[in-house]
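Report on one structure; see the data block that follows.
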Amino acid sequence: MNNPEIPKHSDFIRDIVTEDVRNNKYKGSVQTRFPPEPNGYLHIGHSKSICLNFGIAKEFGGLCNLRFDDTNPSREDVEYVDSIKEDVRWLGFDWGDRMFYASDYFEQLYQYAVELIKIGKAYVCDLNADQMREYRGTLTEQGKESQYRNRSVEENLDLFQRMRAGEFPDGSHTLRAKIDMTSGNINMRDPVIYRVMRQTHHRTGDKWRIYPMYDFAHCFSDSIEKITHSICTLEFEDHRPLYDWFLDQLGVYHPQQIEFARLNLSHTVLSKRKLIQLVEEGYVSGWDDPRMPTIAGIRRRGYTPESIRNFCERIGVAKRDSTVEMPLLEYCIREDLNKSASRVMAVLRPLRVVIENYSENQTEELDAINNPEDPGMGMRKVPFSRVLYIEQDDFRENPPKQFFRLAPGREVRLRYAYFIKCTGVVKDEQTGEVIELRCTYDPTTRGGDAPDGRKVKATLHWVSAGHALNAEVRLYDYLFTKATPGEDSGDFKTDINMDSIKALKNCSVEPGLAGAAPGSRYQFERLGYFCVDPDSSEQKLVFNRIVTLKDTWAKVEKTIKKNEGPK
RNA sequence: UGGGGCGUCGACAAACGGCAAGUCAGGAGUUUUUGGAGCUCCCAUGUGGAGGUUCGAAUCCUCCCGCCCCAGCCA
């Protein structure tokens with residue numbers, strides 16, 4: 001993209017960037033970065049940041065780097081860098097040849113630290129962690145200065161070099177910035193900038209025995225990469241004075257840090273700590289469990305990258321803490337799939353229907369539309385025969401007033417097929433459960449219209465029992481029963497929805513679905529959007545329900561029940 | 001009781017001293033061979049509160065109230 005686009009929806013960050021470009025700040029260039037720490041899987045909250053950073057770069061004719069903030073080898077791993085790359089790519093963004101690691105800059109960062117020592121702005125401190133905490137003060141009390149604060153430049157240089165050389169054990173020494181122990185901003189109370197950590201790093205191996213802290217590494221990494229706008233979340237607002245301080249001390253290229261409110265989503269959790277608990281304690285099957293808000297989970301569930309990008313655009317960007325309701329995300333995937341997904345008929349809970357006046361040996365092929373929203377997607381044939389399955393939910397022996405579907409004596413349409421009328425109900429002698437319906441069909445209604453113009457109030461989906469494929473369909477509900485998990489109890493796990501997955505193993509789908517590839521998405525007519533799971537095989541299809549269709553009847557039924565309730 | 005932020009509809013979110021956008025959710029209707037989709041309409045005499053400035057305030061000023069973040073050698 002050579003020419004900047006006019007952003008469709010602006011926000012306060014784009015306003016700042018627009019202004020900066022207009023004023024020719026940074027020579028009018030725009031360079032952003034997405035800087036994950038490779039210590040966990042990306043989730044939908046990260047996609048907000050990804051869309052923001054890559055989106056702004058694209059809109060303003062700039063570039064966005066992918067940079068791994070890998071300054072703490074004790075918690076990071078290549079497993080995560082691989083998943084992060086895959087997820088960003090899947091979302092549709094391209095960092096070109098600009099994939100960087102903070103660890104690429106370790107030598108340069110070390111030199112910057114030496115510079116800081118030389119100008120008397122950093123010192124080696126021998127305080128241990130407990131002492132440092134004590135010296136730091138509290139939110140309301142000032143800190144006090146370390147007795148090591150006034151070491152000579154020479155001594156600091158010597159000690160720092162020996163820290164690097166591995167002469168000291170973990171935790172024995174730190175390099176600290178010399179700022180102000182009385183600052184109201186705790187980040188400015190002589191923060192640690194290097195710690196001794198004798199840990200093998202996933203990229204630099206055993207080369208380093210000291211590692212820089214976030215505040216020190218991040219601003220200089222941004223500076224080295226000539227980032228113009230360093231966009232991060234609100235909790236780093238307090239760190240901005242430090243970010244600026246480091247860069248100012250050394251007089252190097254100075255990007256601008258801008259903070260925005262991270263995404264919160266109702267009925268789920270978006271913190272690495274909580275997500276890892278769900279995985280490790282077995283509440284879900286893994287990082288890519290379709291109920292997880294991770295990019296990997298959402299992808300397996302069947303969400304499209306387009307729908308996620310769209311979601312990120314709709315939620316906006318601001319500085320106010322907020323929680324977006326899950327139905328907005330669901331709206332975004334329905335909107336996308338309504339236009340693009342092939343329609344197909346699938347019966348989740350089959351109820352056997354015998355068409356008594358349809359001959360036993362006959363089969364015919366009926367024409368069905370693949371997508372009414374897009375005629376270009378064409379037509380297909382679906383087989384019809386004497387024995388069919390319909391949805392159990394589509395029959396009621398004693399229908400409430402607003403129930404339009406099949407009931408004894410009532411006529412309905414089978415989609416793309418015929419009108420049928422229910423003439424009998426077969427029940428299990430033991431349980432009384434309805435196990436079969438006897439019906440008749442009207443041969444003149446082939447295709448679904450009656451020549452005499454009579455109407456039916458419902459159209460049902462169905463499959464031909466003798467032709468259908470067996471499939472497993474996994475239905476998902478919210479992972480948490482409360483919009484804000486743990487709001488009442490303080491522990492998010494008390495609100496885990498123990499009924500968030502239902503695997504239906506005896507579903508029947510139309511034969512055209514044979515061989516459907518993992519990842520392909522369909523609308524099961526009247527039910528929702530479904531995606532073929534990687535667990536699927538030639539022998540057995542497995543589908544994930546991405547999201548239901550909007551269900552007006554369910555809503556009506558709910559109010560019926562509510563009104564009957566108090567009696 | 002230190003420092004930094006933030007308060008506009010049930011949920012998001014515009015507005016940049018001049019008629020409180022839009023979206024999701026919700027409601028009503030229309031249409032329909034998906035109770036889907038579409039289309040139409042409704043949903044903030046009011047912007048946390050109280051004062052003030054102004055012809056005019058969500059916007060500027062003062063005070064108050066509420067919420068979030070910070071006391072890792074995490075990011």
Side-chain angles (χ1 to χ4, degrees), chain A residues 9-11 15 35-37 39 69 71-72 74-76 125 127-129 132-134 136-143 170-176 182-189 191-197 210-211 213-215 217-218 232-241 259 261 266 272 313-332 334-335 338-339 343 345 368-369 372-373 402-405 413-417 419 445 447-449 455-461 483 523-528 548-557:
Chain A
H9 304 290
S10 200
D11 53 64
D15 289 347
E37 181 186 15
N39 72 340
D69 219 335
T71 58
N72 185 351
S74 68
R75 1 191 285 169
E76 294 153 7
C125 187
L127 255 30
N128 65 34
M132 198 160 323
R133 187 177 313 119
E134 202 183 310
R136 186 157 38 230
T138 67
L139 294 180
T140 52
E141 299 160 48
Q142 302 185 344
D170 284 13
S172 62
H173 294 72
T174 56
L175 182 72
R176 296 224 260 162
T182 71
S183 174
N185 181 347
I186 290 174
N187 295 300
M188 300 300 270
R189 319 238 263 231
V192 171
I193 61 189
Y194 266 93
R195 73 278 218 189
V196 176
M197 192 187 274
I210 55 173
Y211 292 96
M213 299 288 289
Y214 164 83
D215 288 300
H218 204 88
C232 62
T233 44
L234 249 31
E235 68 269 27
F236 292 102
E237 209 149 19
D238 290 354
H239 295 241
R240 177 153 34 91
E259 311 85 12
S266 76
K272 280 182 188 172
E313 196 170 294
R314 282 168 184 275
I315 60 178
V317 179
K319 294 194 71 158
R320 181 186 337 170
D321 288 313
S322 61
T323 301
V324 174
E325 292 176 337
M326 192 69 87
L328 179 59
L329 216 211
E330 296 173 340
Y331 173 83
C332 290
R334 286 192 190 106
E335 181 191 40
N338 177 47
K339 291 184 210 124
R343 267 104 243 232
M345 290 196 284
I369 296 165
E373 301 291 318
Q402 299 97 316
F403 185 87
F404 304 150
R405 284 110 95 145
R413 171 167 44 232
L414 293 181
R415 178 139 234 227
Y416 300 126
F419 285 11
T445 58
D449 281 310
K455 301 290 182 196
V456 288
K457 292 192 83 172
T459 300
L460 309 187
H461 62 276
Q523 184 196 99
F524 289 179
E525 292 226 21
R526 303 208 303 134
L527 297 174
T548 61
L549 250 29
K550 210 167 102 186
D551 191 346
T552 306
W553 164 242
K555 215 174 283 173
V556 171
E557 193 178 28

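Below, read A as the first sequence line, B as the second, and so on, with proteins coming before strands; counting in each chain starts at 1. Keep in mind that what you see is a predicted model, and the values were worked out from it rather than measured.
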| query | For the residue pair A/Phe403 and A/Trp553, does the interplanar ring angle fall in the parallel (under 30°), tilted (30 to 60°) or perpendicular (over 60°) class? | reply | perpendicular

| What does A/Gln523 touch in the nucleic acid at a heavy-atom separation under 4.0 angstrom: a base, only the sugar-phosphate, or nothing? | base

| message | With a 3.5 Å cut-off and heavy atoms only, can you find an N or O donor on one side and an acceptor on the other between the side chain of A/Arg240 and the base of B/rG4? | response | no

| query | Does A/Arg133 place a side-chain N or O at less than 4.0 Å from the phosphate oxygens OP1/OP2 of B/rG72? | reply | yes

| task | Indicate, with a heavy-atom threshold strictly under 4.0 Å, whether A/Val317 touches base, sugar-phosphate, or nothing. | result | sugar-phosphate

| said: Strictly below 4.0 Å: does A/Ser322 bring a side-chain N or O up to OP1 or OP2 of B/rA13? | reply: yes

| message | For a quick test of reading the model: is some side-chain N or O of A/Arg526 closer than 4.0 Å to OP1 or OP2 of B/rG35? | response | yes

| Integer angstrom distance from the C1' of B/rG5 to that of B/rG52 | 26 Å

| task | Remember a base hit wins even if backbone is also touched, and classify A/Arg320 as base, sugar-phosphate or nothing at under 4.0 Å, heavy atoms. | result | base

| field | Presence of donor-acceptor pair under 3.5 Å, side chain of A/Glu237 and base of B/rG3 | value | no

| request: State whether the side chain of A/Thr138 and the backbone N or O of A/Glu141 hold a donor-acceptor pair below 3.5 Å, judged by distance alone. | output: yes

| message | Whether A/Ser266 contacts B/rA11 is assessed here as follows: a side-chain N or O lying under 4.0 Å from the phosphate OP1 or OP2. Is that the case? | response | no

| query | Hey, does A/Met197 reach any base, or is it just sugar-phosphate, or nothing, if we go heavy atoms under 4.0 Å? | reply | sugar-phosphate

| B/rG29: pairing nucleotide in any strand, Watson-Crick or G-U under 3.5 angstrom | B/rC39

| field | Between B/rG29 and B/rG49 - P atom distance, rounded Å | value | 35 Å

| said: Say we look at B/rC68 and B/rG56: how far apart would their C1' atoms be, to the nearest angstrom? | reply: 34 Å

| message | Distance check, P atoms only: B/rG46 and B/rA50, in whole angstrom units. | response | 11 Å

| query | Using the P atom in both, what is the distance from B/rC19 to B/rU30, to the nearest Å? | reply | 37 Å

Could you pull out the protein-nucleic contacts involving nucleotides 65-69 of chain B (nitrogen or oxygen on both sides, under 3.5 Å)?
{"from": "B/rC68", "atom 1": "O2'", "to": "A/Asp321", "atom 2": "OD2", "distance (Å)": "3.2"}

| Rounded P spacing from B/rC60 to B/rC16 in Å | 12 Å

| message | With nearest nucleotide decided by heavy atoms, which residue, A/Asp551 or A/Asn185, maps closer to the 5′ end of RNA chain B? | response | A/Asn185

| field | Atom pair distance, as rounded to whole Å: CZ in A/Arg136 and C1' in B/rC74 | value | 12 Å

| query | Hey, are A/Arg314 and A/Glu335 close enough for a salt bridge, meaning a charged N less than 4.0 Å from a carboxylate O? | reply | yes

| message | Distance check, C1' atoms only: B/rU32 and B/rC39, in whole angstrom units. | response | 12 Å

| request: Searching all strands shown, indicate the nucleotide that pairs with B/rC16 (Watson-Crick or G-U wobble; both distances under 3.5 Å). | output: none

| Do the side-chain N or O atoms of A/Ser183 get closer than 4.0 angstrom to the phosphate oxygens (OP1, OP2) of B/rG2? | no

Scan nucleotides 24-26 of chain B against the protein and return all N/O pairs shorter than 3.5 Å with their distances rounded to 0.1 Å.
{"from": "B/rC24", "atom 1": "OP1", "to": "A/Tyr331", "atom 2": "OH", "distance (Å)": "3.1"}
{"from": "B/rG26", "atom 1": "OP1", "to": "A/Lys555", "atom 2": "NZ", "distance (Å)": "3.0"}

| query | Under 4.0 Å between a side-chain N or O of A/Arg195 and OP1 or OP2 of B/rA75? | reply | yes

| query | Base, sugar-phosphate, or nothing: which does A/Asn39 touch, judged by heavy atoms less than 4.0 Å apart? | reply | nothing

